[in-house]
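Excluded from the calculations below are hydrogen atoms, water molecules and symmetry mates; all remaining heavy atoms, backbone and side chain alike, are included.
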Amino acid sequence: MFQRVTSRSFLASHLRTRAAVLAAGVGVSAVAGVGIAAAASNTAATATTTTAATAATATTATTSATAVQAQATVQAKAAQTKAAEAKKAAETKKAAQPAKKAASWVSPVKSYTVSASYAQAGGMWQSAHSGQDYAVPNGTEVVATHGGTVVKAGGNGAGDGPAYGNAVVVNHGDGTYSQYAHLSQVNVQPGQVVKTGQKIALSGNTGNSSGPHLHFEIRTSPNYGSAIDPVKFLGGKGVRL
């Protein structure tokens with residue numbers, strides 16, 4: 001009897017122990033499950049937060065790029081406006097400046113050496129020299145010293161005598177005339193209107209001449225005998241001979 005009681009007691013004890021172990025196991029599993037659930041929840045929350053942060057960063061970057069682009073557009077427009085204003089100011093300034101006035105009187109030849117002066121005495125003339133002589137190579141361009149109308153042109157001094165050779169006389173319309181003599185070529189004709197500085201002939205060595213040169217006179221009439229000092233006259237017009 002005693003042994004059987006002991007065996008039952010031992011069995012009951014063993015069952016209780018097993019039950020306790022099973023209960024403990026269930027508790028541990030429950031706790032583990034709760035922990036895993038909590039961890040999963042935390043991971044999901046973290047992922048959501050990260051996604052939200054990334055989206056916010058992207059939005060901020062987009063906003064910044066838009067702001068930079070807008071600022072660049074404003075600066076470009078400001079630069080264009082400034083350039084347009086500068087151009088307009090330059091054009092206004094240029095328009096306000098007086099136009100460069102063309103020379104009214106010029107020298108009949110550009111480069112020369114004076115070989116005889118007005119009123120100079122010498123055996124080449126019947127009396128004092130009537131003009132200014134410019135030693136220049138044969139064929140040098142001769143231009144009208146001032147605008148006017150050609151009244152004489154041709155050989156025999158254009159009517160003033162063979163001593164002048166080929167000659168041209170221009171009426172300037174203010175009581176003054178200019179004469180060009182000893183020409184190798186005459187490029188105008190009587191009645192032709194010429195402008196200041198326009199080519200009218202080529203220098204030469206025709207008539208009473210000792211070498212290639214241009215004989216130049218300023219007259220008060222178209223004819224020989226009315227010459228005045230051409231250097232003094234043109235000096236008053238701003239031309240230095």
Geometric class of the Phe216/Tyr180 ring pair [parallel <30°, tilted 30-60°, perpendicular >60°]: tilted
Pairwise distance CG(Asn138) to NE2(His213) - rounded to 0.5 angstrom: 11.5 Å
Heavy-atom closest pair, residues Pro230 and Gly131: CG-C, 4.5 Å
Shortest non-hydrogen contact from Val109 toward Thr140: CG1-CG2, 4.3 Å
Cluster link Val151 to Ile228, ILVMFWY, side chain under 4.5 Å: no
Nearest-0.5 Å distance, OH of residue Tyr177 to OG of residue Ser221: 7.0 Å
Ile218 with Val231, same ILVMFWY side-chain cluster at under 4.5 Å: yes
Whether Thr206 side chain and Gly165 backbone form a donor-acceptor pair below 3.5 Å: no
Interatomic spacing from NZ in Lys152 to CG in Asn171 - rounded to 0.5 Å: 11.5 Å
Any side-chain heavy-atom pair of Asn187 and Leu202 under 4.5 Å: yes
Check: His182/Ser203 side-chain N/O donor and acceptor closer than 3.5 Å: no
Linked, directly or transitively: Leu234 and Val169 (ILVMFWY side chains, under 4.5 Å): no
Heavy-atom pair of closest approach, residues Ser107 and Tyr112: OG-CE2, 3.8 Å
Within-4.5 Å side-chain heavy-atom neighbours: His129 and Asp133: yes
Check: Lys195 main-chain N/O paired with Gln198 side-chain donor or acceptor under 3.5 Å: yes
Spatial distance of atom CG (Asn205) from atom CG (Asn166) [nearest 0.5 Å]: 11.0 Å
Rounded distance [0.5 Å steps], CD1 in Ile200 versus CD in Glu141: 10.0 Å
In one Ile/Leu/Val/Met/Phe/Trp/Tyr side-chain cluster, 4.5 Å: Val106, Val114: no
Nearest heavy atoms of Ser115 and Ala135, plus distance in Å: OG-N, 3.9 Å
Which atom of Trp105 lies closest to which atom of Lys237, heavy atoms considered: NE1-CD, 3.5 Å
For the student: nearest non-hydrogen atoms of Pro137 and Pro212, plus distance: C-CB, 4.4 Å
Under 3.5 Å donor-acceptor, Ser117 side chain and Gln132 backbone: no
Heavy-atom side-chain contact between Thr196 and Thr145 under 4.5 Å: no
Approximate separation, where rounding is to 0.5 Å, of Leu214 CG and Gln179 CD: 9.0 Å
Side-chain heavy-atom pair Val150, Val194 within 4.5 angstrom cut-off: yes
Pair Thr176-Asp174, side-chain donor/acceptor within less than 3.5 Å: yes
Between Glu217 and Tyr164, a side-chain donor and acceptor under 3.5 Å: yes
Minimum side-chain heavy-atom gap His215-Ser130 below 4.5 Å: yes
Evaluation steps, side chain to side chain donor-acceptor pair (under 3.5 Å), between His172 and Ser178: CA-CA 8 Å; His172 300 299; Ser178 59; 2.8 Å; yes
